[in-house]
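Accompanying notes for the structure given below.
Every chain is numbered from 1 and lettered A, B, ... according to where its sequence line falls, protein lines coming before strand lines.
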Amino acid sequence: MTIRTPDAPTASPLLEWYDRHHRDLPWRVSPPMARRGIKADPYHVWLSEVMLQQTTVQAVKPYFANFLAKWPTVTDLANAPSELVMAAWAGLGYYARARNLKKCAEAVASQHDGIFPDTEEGLKALPGIGDYTAAAVAAIAFNRQAAVMDGNVERVISRLYAIATPLPAAKPLMRQKVALLTPADRPGDFAQAMMDLGATICTPKRPACSLCPFNGSCEALSLHDPEQFPVKATKKEKPIRRGAAFVAVTSDGDILLRRRVESGLLGGMTEIPTTAWTARQDGETSAEAAPFKADWESAGSVTHVFTHFELRLSIFRVAIANRLKIDDGWWEPVTNLEAQALPTIMKKAIAAAIPLAFKTAKG
DNA sequence: GATGCGTGGCC
DNA sequence: TGGCCAAGCAT
């Protein structure tokens, strides 16, 4: 068996790989486009980066197109009603992103004349923009030599340097390595190349090292086990919470909806009335907690896995003749549910009680 | 530094 | 099939 000593990595082989193998993405100015003089639009870069936080490219594509069609500029987004923005974001998850997206657009429109700041520091001062997004927008939209580090880059760097310290403790060291590797020329392409490499070659399982532009300079490969990097801290067990949700429908085809409080889980989104979601399994999950007295019947249950707990929701249903006066909520035509800011768990719950409520109901 | 915060696809 | 993972941020 040959033991190779890796050479120190440099940006050049990666940029050459990117020129040949970059992905074409709706929000991306690829090297051929750049050669034709096309410049990245900071609004497009920012919007895509926020949508891509912890979210796959495939999931983002239709949302990105829909947002640009509805709101072509950051000022349009700033002037849009929040309810429409939340409804357009529904299904994409992590709804604090949508709330901060709106706040950020308003700040850019009112405090920066509709022009995004062109420095990491200026960008990071805006709502919903942290270390990663500030560096990504600065590098991709403004050609700043910023060290961009996301999950892909963490994986690539941890393997290049065989970093044995577990994440997240290893982040400062990794950031140093990225900063030293980031070129003054084409920093935006370098960042996008690192992410493309992580997404297509330096994958979590079964990386395609034979195709990698760094395969002469990767310490993890020289150790014959790239998959063991990055090392991660062990994660906690996911608890189970239970609750009940209530679908009330009138003979006119109206359903009772509510708006959730602005902060916390599914903050600001629309829901059907539910109990609190707790670890308990007793009366809290029964029809006793319904929004009004009626002959509630069971409509089965749905399970939904959130980031930090699993929810088992018992569904109850009732048909009533006329709308009741409800303090906290409103009656919405079932035919208009697609236009509501309903998170996926709520669509599942409604679909359990009204199977034809959504054309593409899941669960 | 640890925790809360969605969803869908993959093997 | 269920655990893992995806271009993280705020507190």
Separation of A/Asn100 atom CG from B/dC5 atom P, in whole Å?
15 Å
Could you pick out which residue, A/Lys238 or A/Pro172, lies toward the 5' side of DNA chain B when each is mapped onto its nearest nucleotide?
A/Pro172
Proximity to the side chain of A/Thr344 - top-ranked nucleotide from B/dG8, C/dC9, C/dC4:
B/dG8
With no hydrogens and no angle check, do the side chains of A/Gln53 and A/Arg97 hold a donor and an acceptor under 3.5 Å apart?
no
Do you see a donor-acceptor pair shorter than 3.5 Å between the side chains of A/Lys348 and A/His304?
yes
Under 3.5 Å, is there a donor-acceptor pair linking the side chains of A/Tyr94 and A/Thr55?
no
Nucleotide of B/dT7, C/dC5, C/dG8 approaching A/Pro204 most closely (side-chain heavy atoms):
C/dC5
Would you mind telling me which residue lines up with the more 5' stretch of DNA chain C, A/Leu126 or A/Lys232, judged by nearest nucleotide?
A/Lys232
Please determine, for the side chain of A/Lys236, which listed nucleotide (B/dG6, B/dT3, C/dG8) has the closest atom?
B/dT3
In whole angstroms, the gap separating P of B/dG6 from CE of A/Met51 amounts to 16 Å
Quick one, A/Val60 and A/Trp27 - any side-chain contact, counting heavy atoms below 4.5 Å?
yes
Measure the distance from CG on A/Leu52 to P on C/dC5 and round it to the nearest whole Å.
19 Å
Taking C/dA6, B/dG4, C/dC9 as options, the one with an atom nearest any side-chain atom of A/Arg155 is C/dA6
When you measure only distances, ignoring hydrogens and angles, does the side chain of A/Thr56 come within 3.5 Å of the base of B/dG8 through a donor and an acceptor?
no
Whole angstrom is fine here: how far is it from CD in A/Glu310 over to C1' in B/dT7?
14 Å
Tell me whether the OP1 or OP2 atom of C/dA6 has a side-chain N or O from A/Thr55 closer than 4.0 Å.
no
Could you work out which one of C/dA6, B/dC5, B/dT7 sits closest to the side chain of A/Leu265?
B/dC5
Name the closest nucleotide to the A/Asp150 side chain, picking from C/dA6, C/dG8, B/dG6.
C/dG8
Would A/Tyr63 and A/Trp89 count as a close aromatic pair, with their ring centres under 6.0 Å?
no
OP1 or OP2 of B/dT7 less than 4.0 angstrom from a side-chain nitrogen or oxygen of A/Tyr95, does that happen here?
yes
Where each residue is assigned the nucleotide of DNA chain B containing its nearest heavy atom, which of A/Pro168 and A/Phe306 is assigned the position nearer the 5′ end?
A/Pro168
For the side chain of A/Lys235, starting at C-beta, report the closest nucleotide among C/dC9, C/dC4, C/dA6.
C/dC4
